[in-house]
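Letters A, B, ... mirror the listed sequences (proteins, then strands); counts begin at 1. Just so you know, these numbers come straight off a predicted model, no measurement behind them.
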Amino acid sequence: MNKTIYLDHAATTAARPEVVEAMLPYFTEKYGNPSSIYDMGAKNKGVITQARETIADSLGTTPENIYFTAGGTESDNWALIATVEGYAGKGNHIITSSIEHHAVLHTCQYLEKRGFEVTYVDVDENGILRLDQLKAAIRPTTILISVMFANNEIGTIQPIKEIGEIAHEHGILFHTDAVQAYCQLPINVDEYHIDMLSASAHKLNGPKGIGFLYIRKGVKIRSFIHGGAQERKRRAGTENVPGIIGFSKAVEIAQATMKERTEKELALRERLISRIYKEVPYVRLNGDHWNRLPNNVNFSFQFIEGESLLIMLDMAGICASSGSACTSGSLDPSHVLLAIGLPHEIAHGSLRLTLGEDNTEEEIDYVVDKIKEIVEHLRGMSPLYED
Amino acid sequence: MNKTIYLDHAATTAARPEVVEAMLPYFTEKYGNPSSIYDMGAKNKGVITQARETIADSLGTTPENIYFTAGGTESDNWALIATVEGYAGKGNHIITSSIEHHAVLHTCQYLEKRGFEVTYVDVDENGILRLDQLKAAIRPTTILISVMFANNEIGTIQPIKEIGEIAHEHGILFHTDAVQAYCQLPINVDEYHIDMLSASAHKLNGPKGIGFLYIRKGVKIRSFIHGGAQERKRRAGTENVPGIIGFSKAVEIAQATMKERTEKELALRERLISRIYKEVPYVRLNGDHWNRLPNNVNFSFQFIEGESLLIMLDMAGICASSGSACTSGSLDPSHVLLAIGLPHEIAHGSLRLTLGEDNTEEEIDYVVDKIKEIVEHLRGMSPLYED
Amino acid sequence: MYSEKVMDHFQNPRNVGEIENPSGVGTVGNAKCGDIMRIYFDIDENQVIRDVKFKTFGCGAAVATSSMATELVKGKTIYEALQVTNKAVMEALDGLPPVKVHCSLLAEEAIHAALWDYCEKQGITIEGLEKPKSDISEEEEEEDY
Amino acid sequence: MYSEKVMDHFQNPRNVGEIENPSGVGTVGNAKCGDIMRIYFDIDENQVIRDVKFKTFGCGAAVATSSMATELVKGKTIYEALQVTNKAVMEALDGLPPVKVHCSLLAEEAIHAALWDYCEKQGITIEGLEKPKSDISEEEEEEDY
Ligand SMILES: Cc1ncc(COP(=O)(O)O)c(C=O)c1O
Ligand SMILES: Cc1ncc(COP(=O)(O)O)c(C=O)c1O
Ligand code: FES
Ligand code: FES
C-alpha cells in the first residue's frame with residue numbers, strides 16, 4: 001500500500017469537496033457582514049437561517065434553537081459556564097461523568113474554582129454511566145447534568161434517553177456533548193429530553209472552527225462570549241459565514257448518507273475487531289462492544305506502549321491515535337481508560353482506530369497485518385513481556 | 001455605475017484570492033489534526049507555528065506570544081475575563097473607555113455583574129481618551145486598562161503609547177482592542193507597552209471566524225475556553241488550520257502593502273471629506289480629522305435618519321453603514337456618537353464610509369453625488385428640516 | 001429585510017409634504033429610536049379627509065408606513081380613519097420585520113394625534129379617540145433571554 | 001516531531017535484548033508516563049563493558065535513547081560509562097522535543113542502576129555513583145502558566 005490509510009476520523013475529518021465548494025463564494029464574493037443593511041450583507045442573514053434550518057431538522061427541532069459557535073469546545077464551555085451562571089440562584093451543583101472530554105472536564109474544574117460543586121459519576125467497565133449513582137448524586141441544588149452522547153476514545157454510547165428522563169423528572173437541565181455522536185447516530189432532542197447539545201463540524205467532514213450549541217427554547221442560558229447582537233444576542237462576533245455554510249452542507253450530506261455509511265463502517269469495525277481478537281494475543285477491546293459508535297475501535301495491547309505503536313503505524317502509512325488528540329503532549333494515561341478500570345501500563349498501550357466512509361476492507365486487512373507485525377516487534381523489546 | 005461600491009471595510013472585507021488559495025489544501029488534503037502523532041497531522045503543527053511567526057513579526061514580538069482565537073470578540077472576552085480572574089488577588093478594578101466596541105463594553109458589564117468594578121473614561125469631542133481622567137481613575141486595586149487602538153465607528157486613533165506608559169508606570173496590565181488598527185497602522189507591542197492585543201482576520205482580507213490574542217510573556221492570564229491542550233494549554237479546541245493559514249497569508253500581504261495602500265486610502269478619504277464638506281450643508285465630520293484611520297469617514301447629516309440613507313445608498317449600489325454592524329437590530333443611537341457629544345437626533349443621521357484598497361476616485365465621486373441627491377430627498381421629507 | 005411593497009412606498013412615498021392651515025396636525029415620536037412623524041389633514045365640512053400629507057424623520061419602515069397610512073385614510077371620514085390601525089397598515093405593506101413593528105405604531109399614533117387636534121379645534125369628540133401620546137416608546141418591550 | 005537520528009534508532013534499535021547472567025542489570029521507570037527501561041551489562045575483568053542490551057516499554061524517544069545510550073557505553077569502562085549523561089545521549093540523537101527530555105533521563109538513570117547493581121555484586125563503589133531511583137518522575141516539572 002502506498003497511500004495513507006486514515007483511521008483517525010474521531011480526531012478530525014477532511015472537508016468534503018462539496019462542502020468546500022459550497023463555502024467558496026462566501027469568502028470572496030458574498031463576503032458581506034450579515035448584520036449589514038445593504039443587500040449584499042443582509043442576504044447572508046437569510047443564508048445563515050437556511051443553514052440553521054438544515055441543522056435544526058437533523059435534531060428534530062426548530063432553527064431558533066441553534067446557535068453557531070467556533071467549535072465543540074466553545075459549545076461545551078458555553079453550555080456549562082453560562083448555564084450555571086444563569087441558574088446560580090437555584091443552586092450550585094453540577095453532575096457529569098468521569099469520562100467526559102476535557103472540554104467538559106476542565107470546564108468543570110474551572111467552575112469548581114469558582115465555587116460550584118461537581119459530582120463526577122462513575123462508569124462501568126464498558127464505559128456506561130452508572131444510572132443508580134447518577135440518581136443518588138442529585139441534590140436539591142443540582143442545576144445541570146452534562147453527560148456526553150458517545151465517548152470519543154472508546155466509542156461507548158450512553159443511555160441518553162434515560163438520563164434525559166431522570167433530569168427532566170427532577171427539573172434539572174440536561175446538556176450532552178454530542179461532538180462524536182452527531183450525524184453518526186439519529187438524535188431527536190425532544191424524545192431524549194436534551195436541553196442543550198454540542199456539536200463540531202470538523203468531525204463530520206465539515207470545516208474546522210465552527211460548531212453549534214442547541215439550546216431548548218426557554219432555557220435561560222446567558223451569553224458566554226459578550227459583544228455584538230449576533231445569534232439573537234446570545235453569541236457575539238461577526239458570523240463565520242463560510243464556516244456556517246460548510247457546516248450545514250456537511251450535515252445535509254451526513255444526514256442523507258447516515259444509514260448506508262454507518263452500516264458500512266459497522267461491517268468494517270466488526271472485521272477489524274474479530275481479526276485482531278483472533279490473531280493478536282493479550283488484547284482487550286475497550287468500551288462496550290455493541291453500545292458503541294459504528295466507527296470506533298479501541299484496543300489495548302498488553303506489554304507495549306502507545307506512542308511507539310503509533311509511530312510505527314505511521315511509518316506504515318496508517319494514521320491512528322492512542323485516544324484523544326487534544327491531550328497529546330500530556331504524559332498521563334487516558335482518564336477514560338483509567339475510569340473503566342484499566343491499570344496504568346495497559347492504559348498506555350491502547351490504540352484507537354476510527355473509521356470513515358472511504359475506508360475499505362482491503363485497508364482494514366492491511367492494517368491488521370501491520371498491527372500484528374508491529375505489536376510483535378515491540379513486545380520483543382518490552383521488559384514486561386516474557387514469552 | 002452598475003457594479004457594487006463597497007464602502008464598509010470596517011464591517012468586514014472580502015478574503016483575498018491568495019488567502020483562499022493558501023487555505024484550500026488544508027480543507028481537503030492536509031486536514032490532519034495538528035495534535036496528532038502521525039506526520040499528516042503533526043506537520044500542521046509546524047504550519048501553524050509558521051503562521052504564528054508571520055503574525056508575531058508584524059507586531060515586533062515572538063511567536064509564543066500569539067494565541068489563535070475565533071475572532072476579535074473572543075480575544076476581547078478572553079483578555080478581560082481571564083485576566084481579571086487571574087489577577088483577582090491583586091484587585092477588582094478595570095479601566096476602559098466609553099467608546100469601546102461592544103465586545104469590550106458588554107464584557108465589562110458582565111464582569112460588573114460578577115462584582116468587578118469598571119471605570120469608563122470619557123473621550124473628548126473628537127473621540128480621544130482624556131488622559132487626565134485615565135490617570136485620575138487609577139486605584140491601588142486597578143488590574144487592567146483596556147483601550148481600543150482605533151475606534152470602529154469614527155476611526156479615532158488613541159494615544160496608545162501614552163496609555164501604555166501610564167499603565168506600565170503603575171504596574172497595571174494594558175490590553176488594546178486593535179481589531180480596526182491592526183495592519184492599518186504600524187504597531188510594535190514593546191514600544192507601546194502593550195500587554196495584550198486583540199485582532200480579527202476578516203477585517204484585513206482574511207477569513208471570518210479567526211482572530212488572535214497577543215499575550216506578553218509573563219502575563220498570568222488564565223484560559224477562557226477550557227479543554228484540550230492546544231495553544232500551549234491556553235486556548236482549547238481543535239485548531240482551525242485553514243483559518244490560521246488564511247489569516248497569516250492576509251497579514252503577510254497586508255503588512256507588505258501597508259504603506260502604499262493606506263496612502264491611497266488617505267487620498268480618497270480626503271477627497272471624500274472635502275467634497276462632502278463643500279457640497280452638502282449641515283454636515284459634521286465625526287472623529288478627529290487627522291488622528292484617524294486612513295480608511296475611515298464618518299459624517300452626520302442633520303435632519304435625516306441613518307437607515308433611510310443607507311437603504312437609498314444600497315439602491316444606488318453603495319454598501320455603507322451607520323456605525324457598527326454588530327448593533328444593527330438595536331434602535332439605540334451609537335454610544336460612540338453620544339460619547340463625543342452628539343445629540344440623539346444627529347447621532348441618528350450618521351453615515352460611516354470605510355475605504356479599501358480597491359476603491360477608486362471615480363467611485364468616490366459617484367458616491368458623493370449620490371449622497372447629495374439622497375440627503376436632499378430625505379430632508380425634503382423631514383419634519384425637522386425647514387429650508 | 002423589507003417587502004417589495006415597503007420598498008415601493010419607501011422609494012416613492014405618497015403624500016409627502018405639508019398642508020398650509022391644516023384642519024388638524026399631529027406629531028409623534030419615539031424617543032428610543034429618535035424617529036418623528038408629522039401628519040397634516042385637510043378635512044371638509046362632512047368630516048371627510050380631503051387631503052393628507054406627512055413628513056417623517058425615520059427609518060425605511062417609518063417612511064413606508066407614513067406613506068401607506070396616508071393612502072389608507074385619504075378620502076375617508078374621520079370615523080373610518082380611526083379604524084386604520086397599525087395592523088391594517090402593516091398588512092397593506094405585506095408585513096414588517098419584528099423590530100419594525102413600532103414604526104407602524106408611530107403611523108397609527110400620528111393619525112390619532114392629527115384627529116385629536118382636529119377635534120380640539122372643532123370642539124367635538126370622537127368616541128374611542130383618546131389623547132395620543134407624543135412619545136410611543138414606552139409601549140414596547142424588547143425580547144429578553 | 002523527532003529528528004532523523006531518533007527515528008533511525010527507533011526503527012532500528014541497536015542492542016535490543018537480554019543478557020543471561022549479566023554483570024549488572026538496572027530497571028527504572030517513570031510512574032507518570034508509565035514507561036520502563038531495563039539495561040543489562042556484561043562487564044569484563046578490566047571493568048570494560050563488553051556487551052550491553054536493553055528492553056524498553058516506552059515511547060519513541062525512550063526506545064531511541066535506550067538504543068543510543070547503549071551504543072555510547074559499549075566498549076567503555078564503567079567510569080567512562082558514568083559520564084554518559086542524558087545530555088550526551090540527546091546530543092548524539094540531534095535533540096529531543098521538550099516533553100521528551102525526561103525519556104533521556106530514563107536512559108541515564110538505567111545505566112546508573114545497572115552500574116550500581118554491578119558494584120553491589122562486586123562489592124565495589126564508584127565515586128559519584130549514587131543509588132539510583134527506580135522512579136524518576138519526581139524530578140520533572142511541567143510548564144505552568
Ligand atoms: C467528545 C468531544 N467533545 C468535544 C470535542 C472538542 O471539539 P473541538 O475540538 O471541535 O472544539 C471533541 C473533539 O475534539 C470531542 O471528541
Ligand atoms: C473595534 C472592534 N473590536 C472587536 C470587533 C469584533 O470582531 P469580530 O466580529 O471579528 O469578533 C470589531 C468588529 O466587529 C471591532 O471593530
Ligand atoms: S426604527 Fe423607529 S420608526 Fe422605524
Ligand atoms: S514519554 Fe515517558 S519515556 Fe518517553
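- Within a 6.0 Å radius of CD in A:Glu112, other residues, nucleotides and ligands contribute more than 12 heavy atoms.
- Proximity to chain A (any heavy atom under 4.5 Å) is shown, for D:Pro98, by neither the backbone nor the side chain.
- Contacts with chain A were tallied for D:Glu18, D:Lys53, D:Gln11, D:Met7; D:Gln11 has the most, counting heavy-atom pairs under 4.5 Å.
- Within a 6.0 Å radius of NZ in D:Lys87, no more than 12 heavy atoms belonging to other residues, nucleotides or ligands are found.
- Using a 4.5 Å cut-off between non-hydrogen atoms, the part of residues 59-68 of chain D that approaches chain A consists of D:Cys59, D:Gly60, D:Ala61, D:Val63.
- Residue contact with chain D, scored on non-hydrogen atoms closer than 4.5 Å, involves the backbone and the side chain of A:Met312 alike.
- Across every non-hydrogen atom of D:Phe57 and A:Phe303, the tightest pair is CD1-O, 3.2 Å.
- The shortest heavy-atom contact between D:Thr56 and A:Pro383 is C-CD, 3.3 Å.
- When every heavy atom of A:Tyr385 is checked against every heavy atom of D:Lys55, the shortest pair comes out as O-NZ, 4.2 Å.
- Here D:Asn15 pairs with D:Thr70, D:Glu71, D:Lys74 under the side chain to side chain donor-acceptor pair (under 3.5 Å) rule; sequence neighbours left out.
- The number of heavy-atom neighbours closer than 6.0 Å to OH of A:Tyr282, taken from other residues, nucleotides and ligands shown, is 12 or below.
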Practice problem: Could you walk me through whether D:Tyr2 and A:Ile311 pass side chain to side chain contact (heavy atoms under 4.5 Å, CB included), step by step? | Solution: CA-CA 10 Å; D:Tyr2 289 132; A:Ile311 298 178; 3.4 Å; yes
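- Note that CE of D:Met37 is 12.0 Å distant from OG of A:Ser382, once rounded to the nearest 0.5 Å.
- Here the CG atom belonging to D:Asp35 is positioned 6.0 Å from the NE2 atom belonging to A:His348, to the nearest 0.5 angstrom.
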